[in-house]
Amino acid sequence: MRVGVLISGTGSNLQALIDDSGIDVACVVSSRKGAAGIERARAAAIDALVSSDEDETARFLDDHEVGLVVLAGYMRVLSPAFVHRYSGRILNLHPSLLPAFPGTHAVRDAVDHGVRVTGVTVHLIDDDHVAVDSGPIVLQEALEVSYDERPEDVAERLHEIEHRLLPRAVHLFCAGRLEVSGRRVRVKDETLA
Ligand code: GRF
């Protein structure tokens with residue numbers, strides 16, 4: 001299955017997908033000009049577009065016959081029309097254990113709140129798209145936070161988890177191993193890698 005990746009920044013998670021030989025990253029869209037992630041796409045000879053226009057983004061994804069859209073540090077909120085177009089086929093990565101700490105400052109919010117455990121969530125964007133960072137949860141992994149850690153330290157350790165968790169979720173999706181029932185996602189043959 002061909003995968004389209006939407007980014008806005010550094011693109012280290014995009015890199016993790018590119019580096020996974022089992023994942024076919026067909027194209028990359030960056031909502032920001034100058035995002036480092038674009039260079040990563042170019043270095044891997046992957047078609048890249050800079051656009052914050054949804055119609056243009058959708059046309060580019062469709063031209064590349066993408067079966068799955070991955071939001072990897074994409075800082076824009078998608079419209080219901082876009083979500084509908086790729087219904088059930090959009091994965092989002094978020095640096096907290098949702099539903100705790102949605103939004104753009106998840107790591108800082110969690111540390112400021114004094115949590116002892118935070119983590120990473122990969123979830124599907126639901127059709128209703130009722131709230132930011134909602135939608136059926138595919139994978140989560142927890143991380144303990146110590147008192148002395150600054151948000152940037154926690155973010156760095158969360159990134160290591162993200163680089164493992166996101167490719168795994170993409171594999172599961174592409175292999176048809178995710179069974180969604182309402183808010184709940186069953187991973188078929190969970191004991192397999
Ligand atoms: C990640 O922490 C992701 O969870 C968040 O934005 C960050 C993107 O990092 N939504 P990168 O651009 O993949 O390095």
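Side-chain atoms are counted along with the backbone in the values below, which use heavy atoms only and exclude waters and symmetry mates. First listed ligand is number 1; within each ligand, the first listed atom is number 1.
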Query raised in the report: Just wondering, do D153 and R150 contact through their side chains at under 4.5 Å, heavy atoms?
Result: yes

Query raised in the report: Do V145 and R116 have side chains that get closer than 4.5 Å, going by heavy atoms?
Result: no

Extract all N/O-N/O pairs under 3.5 Å that connect ligand 1 to the protein, and present each with both atom names and the distance rounded to 0.1 Å.
| unit_1 | atom_1 | unit_2 | atom_2 | d |
| --- | --- | --- | --- | --- |
| ligand 1 | 2 (O) | E162 | OE1 | 3.0 |
| ligand 1 | 2 (O) | E162 | OE2 | 3.0 |
| ligand 1 | 4 (O) | E162 | OE2 | 2.4 |
| ligand 1 | 9 (O) | H159 | NE2 | 3.3 |
| ligand 1 | 12 (O) | T10 | N | 3.4 |
| ligand 1 | 12 (O) | G11 | N | 2.7 |
| ligand 1 | 13 (O) | S12 | N | 3.2 |
| ligand 1 | 13 (O) | N13 | N | 2.9 |
| ligand 1 | 13 (O) | N13 | ND2 | 2.8 |
| ligand 1 | 14 (O) | S12 | N | 2.9 |
| ligand 1 | 14 (O) | S12 | OG | 2.6 |
| ligand 1 | 14 (O) | H159 | NE2 | 3.4 |

Query raised in the report: Is it true that R59 and D62 make a salt bridge, defined as a side-chain N closer than 4.0 Å to a carboxylate O?
Result: no

Requested in this report: Identify which one of V138, V122, L165, L91 satisfies the side-chain contact (heavy atoms from CB on, under 4.5 Å) criterion when paired with V170.
Outcome: L91

Report task. Return yes when atom CD of E149 has more than 12 non-hydrogen atoms of other residues, nucleotides or ligands closer than 6.0 Å, and no otherwise. Result -> yes

Enumerate donor-acceptor pairs with a distance under 3.5 Å from any side-chain N or O in residues 14-28 to protein atoms, sequence neighbours excluded.
| unit_1 | atom_1 | unit_2 | atom_2 | d |
| --- | --- | --- | --- | --- |
| Q15 | OE1 | R40 | NH1 | 3.2 |
| Q15 | NE2 | D19 | OD1 | 3.0 |
| D20 | OD1 | G22 | N | 2.8 |
| D20 | OD1 | H171 | NE2 | 3.2 |
| D20 | OD2 | H171 | NE2 | 3.0 |

